[in-house]
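Below: one structure, written as structure tokens.
Chain A is the first sequence line, chain B the second, and so forth, proteins listed ahead of strands; every chain is numbered from 1. Values reported hereafter were calculated over all heavy atoms of this structure, with side chains retained and with hydrogens, waters and symmetry mates removed.
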Number of protein chains: 2
Amino acid sequence: MSDATKRAPVVEQVPEQTTTRLSVYLRCLERLHAAGVPAVSSAALAECCGLNGAIIRKDLAYFGEFGVRGVGYHVPALRQHLRQILGLDRRSAVVILGAGRLGSALAAYRGFRDDGFEVVALFDTDPSRIGSSTRDGIPVCALDDLRAVVERQGVVIAIIAVPAGAAQEVLDLVVACGVRAVLNFSPGGLRVPAGVKVKNVDLTLSLESLSFFLAAGRGD
Amino acid sequence: MSDATKRAPVVEQVPEQTTTRLSVYLRCLERLHAAGVPAVSSAALAECCGLNGAIIRKDLAYFGEFGVRGVGYHVPALRQHLRQILGLDRRSAVVILGAGRLGSALAAYRGFRDDGFEVVALFDTDPSRIGSSTRDGIPVCALDDLRAVVERQGVVIAIIAVPAGAAQEVLDLVVACGVRAVLNFSPGGLRVPAGVKVKNVDLTLSLESLSFFLAAGRGD
DNA sequence: TTTTGTGAACTAGTTCACAGCT
DNA sequence: AGCTGTGAACTAGTTCACAAAA
């Protein structure tokens, strides 16, 4: 491990927004890396993602001193550091709860695989779906099999794509099976047990936010 | 219009987070309304959505004085006010760009219709898809038809569910056709023309944020 | 008495500005 | 000379606390 990472990563106090920006920086670095750019300043990286350079330096400083004064950041090295910080340097097994349209669409989503996320199974309660496979060969299993799959495949992330009424029950189940990170697509908010991280993607909330903008007639 | 809405809605300065919370309040009010509860205090509503009562009073105060001191908020009236503020008191026509798995799944999503959002057409460039319909009878059209559909159906919101490489081009097209509110599912960020509101749902960013949590080993 | 609406205090997050390193 | 890393200043957003209304 590089000496640049010696700093204690006082992760408890890294703001959520910083972690999201790290992903954005990484995307930009992938482009620079592919283009063969050897180094980039915080100002240039900021330009590239529409941000202020100071916030980039602050964000990176939570995790170490990756920059070289007078030069900037070494692109391949910073890329590697960010991939490691974000846990993208290894495969992560994912299960999807709910094999309806949304669950199936997510199972086929290319962007996930490219980042090392591997959907190993879908789960459903509908007997007509159980036992089948997606076009990519991902099996659709009964909920009863969840624990076994999680344990055997080392599943670390669950995606919840079930109807709203079943979401809390399903969350409690995946948590009971040992999964501690959940991406939730069901609307309405869940009671989240301590020690578990749930990220909500609430499509209705997003659309209503746009609707507000239209209703308010903001033309700025 | 009720006299409670007389206040100038200085909408320019309503924080984005406030608008999202309004949707959350509305959801909670729908439940209370269905249960026949006549009035609710900011403290009770806060409890219901896991927030502080003061922020609810502040949020609502941007739009008027809806409460009654000593009593709270009249549920049916506040529900109506929020529906109007969020533009949910009328039908909104929506188009979906990209009739792949994600686009098709979104077209079938029940939660949208319940809020007055009506998906009137999907658009794609794949000739094998053009001319077909979804199971719900929503037509899949060629991009050339976009302008006509937008104008004829009064489309106000576009959902972009095309591959990343095509997203900017598609955004520019829908904006050129007069749509000013866009829900974007493609990753990577877009150049957004002035006067247009784009809400990004970046699935990769969401998963990477969970991955960070796992990599950092936060068990709090 | 109860609860709103709101100024004041507080907190979190961003930007500025510059000392210090290469 | 140029750019990072970081304390200080600033900005936005939340919570407190209480006067005023019903």
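Two residues, A:Val71 and A:Gln17, neighbour DNA chain C, and the one matched to the more 5' nucleotide by heavy-atom proximity is A:Gln17.
Considering only residues two or more places apart in sequence or on other chains, B:Thr125 meets the side chain to side chain contact (heavy atoms under 4.5 Å, CB included) condition with B:Leu143.
Applying the salt bridge (charged side-chain N to carboxylate O under 4.0 Å, His left out) test to every pair with at least one member in residues 33-60 of chain A, sequence neighbours left out, gives these pairs: A:Arg21-A:Asp59.
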Expected rows: protein N/O vs nucleotides 18-21 of chain D N/O, under 3.5 Å:
| unit_1 | atom_1 | unit_2 | atom_2 | d |
| --- | --- | --- | --- | --- |
| D:dA20 | N3 | B:Arg69 | NH1 | 3.0 |

N/O to N/O distances under 3.5 Å, protein versus nucleotides 8-10 of chain D:
| unit_1 | atom_1 | unit_2 | atom_2 | d |
| --- | --- | --- | --- | --- |
| D:dA8 | N6 | A:Lys58 | NZ | 3.4 |

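Contacts with DNA chain C (heavy atom under 4.0 Å) in residues 35-53 of chain A: A:Asn52, listed by number.
Cysteines B:Cys28 and B:Cys49 have SG atoms no closer than 2.5 angstrom.
Between the side chain of B:Arg83 and the backbone N or O of B:Leu88, at least one donor-acceptor pair lies under 3.5 Å. For the pair A:Ser206 (side chain) and A:Asp202 (backbone), a donor-acceptor distance under 3.5 Å is present. A side-chain donor-acceptor contact under 3.5 Å links B:Ser211 to the backbone of A:Leu86.
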Anything under 3.5 Å between a donor and an acceptor, one on a side chain of residues 94-121 of chain A, the other on a protein residue two or more places apart or in another chain? List them.
| unit_1 | atom_1 | unit_2 | atom_2 | d |
| --- | --- | --- | --- | --- |
| A:Ser104 | OG | A:Ala99 | O | 3.2 |
| A:Ser104 | OG | A:Gly100 | O | 2.7 |
| A:Glu118 | OE1 | A:Arg91 | NE | 2.5 |

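Not one side-chain nitrogen or oxygen of A:Tyr62 sits closer than 4.0 Å to the OP1 or OP2 atom of D:dT6.
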